[in-house]
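Chain letters run A, B, ... following the sequence lines, proteins first and then strands; every chain starts at 1. These numbers were taken from a predicted model, which means no experiment stands behind them. Heavy atoms only: backbone and side chains are in, while hydrogens, waters and symmetry mates are out.
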Amino acid sequence: MKIGELAKRTEVPTRMLRYYEEQGLITPRRQQNGYREYDEYLVDRVKKIRGLLDSGIPTRIIGDMLPCLNQPQEIVVADPDPELREMLVRERDRMTERIALLEHHCHALTKYIAAMDRSLAATTEIRLPQ
DNA sequence: CTTCTCACA
DNA sequence: TGTGAGTA
């Protein structure tokens, strides 16, 4: 399929698909006219990439993770690269920190929303007697 | 419609 | 990490 169709099916703009390619995350074949030609399996792959990116994982880490993502379920690592392991540990810890931060701000929003609701309830009470 | 690159937030 | 503009 061409880039437009992949964009539609993955909800990822064509601009981003080219960007992922530039970052070495996907490598589509080329048609004779130079247009990118995407295989079916790339639909799933792009969705996974989006998910990881949305989780705040940098593209270079995603690139290192892609081989693992292809193999289904029980991950078997033939050659456990210590450096890669260390990088993944750092990434996981970063993620844990972000989760804590998100929870903090989530609670803050909840309190603010509650304050707004109280304010609304108060103005409603004032209007009722009128 | 597709391709590319350069600049920029 | 992504976008916008201009090109062909």
> For DNA chain B, what dot-bracket results from Watson-Crick or G-U pairs at under 3.5 Å, with [ ] for crossers and | for inter-strand partners?
Replying inline: .|.||||||
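The existence of a salt bridge linking A:R30 and A:E21 is confirmed by a sub-4.0 Å separation between a basic side-chain nitrogen and an acidic carboxylate oxygen.
In this structure, A:P13 reaches neither bases nor backbone, as no heavy-atom distance under 4.0 Å exists between it and the strands shown.
You'll find that the side chain of A:R50 is closest to C:dG2, out of C:dT1, C:dG2, B:dT3.
If you take CZ of A:R98 and P of C:dT1, they are 11 Å apart, rounded to a whole angstrom. Atom-to-atom, CG of A:L6 to C1' of B:dT3 comes out at 16 Å; the value is rounded to the nearest Å.
Among residues at least two apart or in separate chains, side chain to side chain donor-acceptor pair (under 3.5 Å) pairs with a member in residues 93-118 of chain A are A:E91-A:R94.
With hydrogens and angles disregarded, a donor-acceptor distance shorter than 3.5 Å links the side chain of A:N33 to the backbone of A:Y35. Checked by atom type and distance alone, the side chain of A:S55 never pairs as donor or acceptor with a backbone atom of A:I57 at under 3.5 Å.
In this structure, A:T59 reaches the C:dT1 phosphate: one of its side-chain N or O atoms is under 4.0 Å from OP1 or OP2.
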Every protein N/O within reach of nucleotides 6-8 of chain C N/O, cut-off under 3.5 Å:
none

Please tabulate the protein-to-nucleotide N/O contacts below 3.5 Å involving nucleotides 7-9 of chain B, giving atom names and distances.
none

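Residues from residues 16-28 of chain A that place a heavy atom under 4.0 Å from any atom of DNA chain C, listed by number: A:M16, A:Y19. Contact check of residues 29-38 of chain A against DNA chain C (heavy atom, cut-off under 4.0 Å) returns no residues at all.
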